Chemist: 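Dumping the structure here so I can ask a few things about it.
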Amino acid sequence: MSAETPAAVGQFTRRRLQFRGWRGARPFWAGLLVLLGGFPIMYFPYAHLQFGNLTVAMATTAGAGSLIIGVLLVVLGVSLWFQKHVRVFAGVAAILLALVSIPVANFGGFIIGFMLSLVGGALAVAWAPGEPVAAEPAEGDRTEDGVLEGSVGDSGPSPAPSAPGADDLSGTSPANGANGRHSAG
């Protein structure tokens, strides 16, 4: 089988476009940052860094707390990818865990994990699903003037414009003379 098989032509482009569509429908970057922020928080308390003959051990009494915070951040990052409806909860939880990691996990994984988790949590809270793109009408639906068929005269008479404040149910509209105040009776 050669590298130029007909089945593989365009498959990379199709998979890339599928991934782009999947990524655009969820807080992908927020989940990635929260996920990446969990790793330094859970790694550094158990690491023994070697600098030549010098071994630096960052083991603390809160090693289990660091591990729990890091694992929770990784789980929140993955849940942002696959459960986009929990984005606000996961974002707030990531921000709180990032803040707790400062005193518990060696200054939040040497500030690296703290900053990644904090920014990722903020992105998760701020993310909102996009509006679906409206389909353009087909060329056959237009008349020779360029106007859409069925758009002129099919909707019937337009409703009369209402008076200013007519739809205000509070009774405090300037149109009824209340001048923003409720009457006492």
Side-chain angles (χ1 to χ4, degrees), residues 1-138 170 180:
M1 180 180 257
S2 70
E4 296 292 329
T5 60
V9 174
Q11 187 174 12
F12 176 75
T13 303
R14 183 171 52 89
R15 295 286 185 196
R16 186 179 57 82
L17 291 175
Q18 285 176 343
F19 177 68
R20 178 187 278 180
W22 177 83
R23 187 186 69 202
R26 61 199 74 247
F28 176 79
W29 295 109
L32 183 66
L33 289 177
V34 170
L35 178 93
L36 291 176
F39 287 118
I41 289 174
M42 70 177 155
Y43 173 74
F44 285 130
Y46 295 103
H48 295 284
L49 304 174
Q50 295 282 338
F51 295 110
N53 291 333
L54 180 65
T55 301
V56 178
M58 295 300 295
T60 63
T61 58
S66 300
L67 183 64
I68 290 171
I69 290 171
V71 168
L72 284 174
L73 285 170
V74 169
V75 168
L76 287 172
V78 171
S79 69
L80 281 169
W81 284 348
F82 296 107
Q83 302 289 328
K84 62 184 174 183
H85 59 277
V86 298
R87 65 178 176 81
V88 175
F89 168 75
V92 170
I95 290 170
L96 290 176
L97 285 171
L99 290 172
V100 168
S101 75
I102 291 175
V104 171
N106 297 328
F107 297 110
F110 295 119
I111 307 296
I112 299 167
F114 165 71
M115 289 303 295
L116 287 172
S117 300
L118 192 68
V119 171
L123 284 174
V125 171
W127 184 83
E131 297 294 323
V133 178
E136 289 289 325
S170 67

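Predicted model only: the values in this text are computed from it and were never measured.
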Chemist: What are the two closest non-hydrogen atoms of Ala122 and Ile95, and how far apart are they?
Modeler: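 Scanning both residues, the minimum pair turns out to be N-CD1, 3.8 Å.
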
Chemist: What is the distance from atom CG of Leu36 to atom CG of Leu73, rounded to the nearest 0.5 Å?
Modeler: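 If we round to the nearest 0.5 Å, Leu36:CG and Leu73:CG are 11.0 Å apart.
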
Chemist: Hey, what do you get for CD1 (Ile69) to OG (Ser101), rounding to the nearest 0.5 Å?
Modeler: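 Here the rounded value is 6.0 Å.
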
Chemist: Please examine the side chains of Phe114 and Leu99, heavy atoms only from C-beta on, and report whether any two atoms are closer than 4.5 Å.
Modeler: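 SC-SC contact between Leu99 and Phe114 confirmed.
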
Chemist: Less than 4.5 Å apart, any side-chain heavy atom of Leu97 and any of Leu76?
Modeler: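 A side-chain contact exists here, since the closest heavy-atom pair is under 4.5 Å.
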
Chemist: Using 0.5 Å steps for rounding, measure from the CD1 atom of Ile68 to the CD1 atom of Ile41.
Modeler: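 Output value for this atom pair is 13.0 Å.
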
Chemist: Specify whether Trp22 and Trp81 have parallel, tilted or perpendicular ring planes, treating 30° as the upper limit for parallel and 60° as the lower limit for perpendicular.
Modeler: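 Rings of Trp22 and Trp81: perpendicular, over 60°.
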
Chemist: Report yes if the side chains of Phe12 and Arg16 come closer than 4.5 Å at any heavy-atom pair, otherwise no.
Modeler: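 Contact flag for Phe12/Arg16 side chains = yes.
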
Chemist: From Ser79 OG over to Leu35 CG, what is the distance, rounded to the nearest 0.5 angstrom?
Modeler: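 Here the rounded value is 10.0 Å.
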
Chemist: Please report the closest heavy-atom contact between Ala124 and Ala30, naming both atoms and the distance.
Modeler: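 What the structure gives for the nearest pair is N-CB, 3.4 Å.
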
Chemist: To the nearest 0.5 Å, what is the distance between CZ on Phe28 and CG on Leu33?
Modeler: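 If we round to the nearest 0.5 Å, Phe28:CZ and Leu33:CG are 9.5 Å apart.
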
Chemist: Minimum heavy-atom separation for Arg26 to Leu80, with atom names?
Modeler: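 Heavy-atom minimum between the residues: CB-O, 4.3 Å.
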
Chemist: Looking at every non-hydrogen atom in both residues, tell me the closest pair between Ser117 and Ala98 and how far apart they are.
Modeler: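 For Ser117 versus Ala98, the nearest heavy atoms are CB-CB, 3.7 Å.
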
Chemist: To the nearest 0.5 Å, how far apart are CG in Leu116 and CD1 in Ile111?
Modeler: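 Output value for this atom pair is 11.5 Å.
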
Chemist: Between Arg87 and Trp127 (side chain of the first, backbone of the second, donor and acceptor by atom type, cut-off under 3.5 Å), is there such a pair?
Modeler: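 Judged by distance alone, yes, a pair lies under 3.5 Å.
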
